[in-house]
Peer 1: 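Mind looking over this structure? Questions follow.
Here the structure is a predicted model, which means the values were calculated and not measured.
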Amino acid sequence: MELTVDLAERQPVEAATALGRIEGVAGQWLGGSRVVRGQLDLTCEPGAVTVVLDKLRATRGLEFSFFTFLTGIDRTEQVEPGGLEVLVHVYSPRHLLHANVRVPIDLEKPRCPTTSNVYAGALWHEREAAEMFGIHFDGHPRLVPLYLPEDFEGHPMRKSFRLPIRRIKEWPGAKDAGEASAGGRG
């Protein structure tokens with residue numbers, strides 16, 4: 001599928017129409033679907049994410065050929081849905097549409113199939129989500145850290161991750177004893 005679209009070939013599609021199309025070809029794999037601020041907002045289980053993304057990409061009248069990003073989200077402090085989530089955003093340059101695919105992830109066993117077999121651009125994003133959120137992407141060809149040292153422990157984008165406490169050092173400009181011990185600078 002061609003990623004560039006001539007301006008004359010663009011055929012804008014209303015989000016509600018696109019929603020009906022994706023529900024028609026992938027409804028059985030969707031746990032939820034709606035239009036939010038003119039964008040498709042879809043939810044599916046981890047086992048269905050590659051099918052849903054493939055349908056978004058390959059279905060005539062949708063053609064979401066442009067992968068924008070994939071990230072993790074920690075929703076543990078929210079009542080619903082709670083836990084972790086993988087969020088994939090794709091775009092249809094032909095039909096001028098955006099779609100968000102939300103994948104709830106089990107907090108105790110954070111696993112999701114790789115989406116890189118549908119969008120190769122997901123490789124880098126999955127490595128980042130694995131490192132920062134602790135989500136393992138099954139089938140990813142090289143799930144190695146991007147940013148953190150190899151011996152780093154934890155996943156810094158999770159809400160449960162606590163930053164290491166720095167030793168309080170007296171500030172040389174402190175005017176009274178309380179400022180130095182509280183770490184304040186006045």
Peer 1: Might you confirm whether atom CD of Glu23 has over 12 heavy atoms from other residues, nucleotides or ligands at distances under 6.0 Å?
Peer 2: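 Above 12, so yes.
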Peer 1: Tell me whether Lys159 at atom NZ has more than 12 heavy atoms from other residues, nucleotides or ligands lying less than 6.0 Å away.
Peer 2: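 Counting neighbours around NZ of Lys159, more than 12 heavy atoms of other residues, nucleotides or ligands fall under 6.0 Å, so yes.
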Peer 1: Side-chain heavy atoms nearer than 4.5 Å, only ILVMFWY residues, links allowed to pass through others: does that put Tyr119 and Val51 together?
Peer 2: yes
Peer 1: Inspect the surroundings of CD in Glu153 and state if more than 12 heavy atoms from other residues, nucleotides or ligands are less than 6.0 Å away.
Peer 2: no
Peer 1: Who passes side-chain hydrogen bond (donor to acceptor under 3.5 Å, both in side chains) against Thr68, sequence neighbours left out?
Peer 2: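 With neighbours one apart ignored, the set is His89.
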Peer 1: Let me see the working for Leu40 and Asn100 under side-chain contact (heavy atoms from CB on, under 4.5 Å), right down to the final yes or no.
Peer 2: CA-CA 6 Å; Leu40 302 185; Asn100 297 297; over 6 Å; no
Peer 1: Rounded at 0.5 Å granularity, tell me how far CH2 in Trp29 sits from OG1 in Thr50.
Peer 2: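 Taking CH2 in Trp29 and OG1 in Thr50, the distance rounds to 10.0 Å.
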Peer 1: Shortest non-hydrogen contact from Pro110 to Gly134?
Peer 2: CG-O, 3.2 Å
Peer 1: Using only atom types and a distance under 3.5 Å, with no angle test, would you say the side chain of Gln11 pairs donor to acceptor with the backbone of Arg94?
Peer 2: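 Looks like no, no N/O pair under 3.5 Å.
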Peer 1: Taking 4.0 angstrom as the limit, do Arg57 and Glu63 come out as a salt bridge?
Peer 2: no
Peer 1: Is the closest side-chain heavy-atom distance between Leu87 and Leu70 below 4.5 Å?
Peer 2: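 They are not in side-chain contact.
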Peer 1: Let me confirm one number: the CG-OG distance from Leu42 to Ser33, rounded to the nearest 0.5 Å.
Peer 2: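 Answer rounded to 0.5 Å: 6.5 Å.
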Peer 1: Any chance you could measure Leu19, atom CG, to Glu14, atom CD, to the nearest 0.5 Å?
Peer 2: 12.5 Å
Peer 1: Quick one: salt bridge (charged side-chain N to carboxylate O under 4.0 Å, His left out) pairs with a partner in residues 38-56, sequence neighbours left out?
Peer 2: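 Only Arg34-Asp41, Asp41-Arg102 qualify under salt bridge (charged side-chain N to carboxylate O under 4.0 Å, His left out).
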Peer 1: Let me see the working for Leu96 and Arg10 under side-chain contact (heavy atoms from CB on, under 4.5 Å), right down to the final yes or no.
Peer 2: CA-CA 8 Å; Leu96 308 176; Arg10 289 189 173 175; 3.8 Å; yes
Peer 1: What verdict does the side-chain contact (heavy atoms from CB on, under 4.5 Å) test give for Cys44 and Val101, after you've listed the backbone C-alpha separation in whole Å, the side-chain angles of each residue and the deciding distance to 0.1 Å?
Peer 2: CA-CA 7 Å; Cys44 68; Val101 179; 3.9 Å; yes
Peer 1: For His95, is there any backbone N or O sitting under 3.5 Å from a side-chain donor or acceptor partner on Ser92?
Peer 2: yes
Peer 1: Determine whether His140 and Arg127 make a side-chain contact, defined as any pair of heavy atoms from C-beta on separated by less than 4.5 Å.
Peer 2: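 Yes, their side chains come closer than 4.5 Å.
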Peer 1: Can you find a pair of side-chain heavy atoms, one from Val103 and one from Thr43, that are under 4.5 Å apart?
Peer 2: no
Peer 1: Taking C-beta and beyond as the side chain, do Val13 and Leu97 meet within less than 4.5 Å on heavy atoms?
Peer 2: yes
Peer 1: Could you report the tightest heavy-atom contact between Leu146 and Glu128, atom names first, then the distance?
Peer 2: CD1-N, 3.7 Å
Peer 1: Quick check: His98 with Phe64 (ring centres under 6.0 Å apart)?
Peer 2: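 Aromatic pair excluded; centres sit 6.0 Å or further apart.
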Peer 1: Do Phe66 and Val90 touch side chain to side chain, with heavy atoms closer than 4.5 Å?
Peer 2: no
Peer 1: Consider only side-chain heavy atoms of I, L, V, M, F, W and Y, link residues closer than 4.5 Å, and tell whether Val52 and Val35 are in one cluster.
Peer 2: yes
Peer 1: Would a 4.5 Å heavy-atom cut-off, applied to side chains only, mark Val86 and Phe133 as touching?
Peer 2: no
Peer 1: Does one hydrophobic cluster hold both Met157 and Val88, with members joined at side-chain heavy-atom distances below 4.5 Å?
Peer 2: yes
Peer 1: Rounded to the nearest 0.5 Å, what separates atom NE2 in His125 from atom CZ in Phe137?
Peer 2: 11.0 Å
Peer 1: Less than 4.0 angstrom from a charged side-chain N to a carboxylate O is my criterion; do Arg158 and Asp74 meet it?
Peer 2: no
Peer 1: Are side-chain N/O atoms of Thr114 and Glu126 paired as donor and acceptor at under 3.5 Å?
Peer 2: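 Yes, a side-chain donor-acceptor pair sits under 3.5 Å.
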Peer 1: Quick one, Ile22 with Leu56, criterion side-chain contact (heavy atoms from CB on, under 4.5 Å). Give me CA distance, side-chain angles, the key distance, then yes/no.
Peer 2: CA-CA 7 Å; Ile22 192 62; Leu56 284 168; 3.7 Å; yes
Peer 1: Check whether any side-chain heavy atom of Arg111 sits under 4.5 Å from a side-chain heavy atom of Ile105, and report yes or no.
Peer 2: no
Peer 1: Taking the side chain as everything from C-beta on, heavy atoms only, tell me whether Pro46 gets closer than 4.5 Å to Asp106.
Peer 2: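 With C-beta onward as the side chain, the pair stays apart.
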Peer 1: Of all heavy-atom pairs between Ala15 and Gly38, which one has the smallest distance, and what is that distance?
Peer 2: CB-O, 3.6 Å
Peer 1: Could you see if Phe161 belongs to whatever hydrophobic cluster contains Leu84? Use Ile, Leu, Val, Met, Phe, Trp, Tyr and a side-chain cutoff under 4.5 Å.
Peer 2: yes
Peer 1: Are Phe152 and Tyr147 in one and the same hydrophobic cluster, where Ile, Leu, Val, Met, Phe, Trp and Tyr link if side-chain heavy atoms are under 4.5 Å apart?
Peer 2: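 Yes, one cluster joins them.
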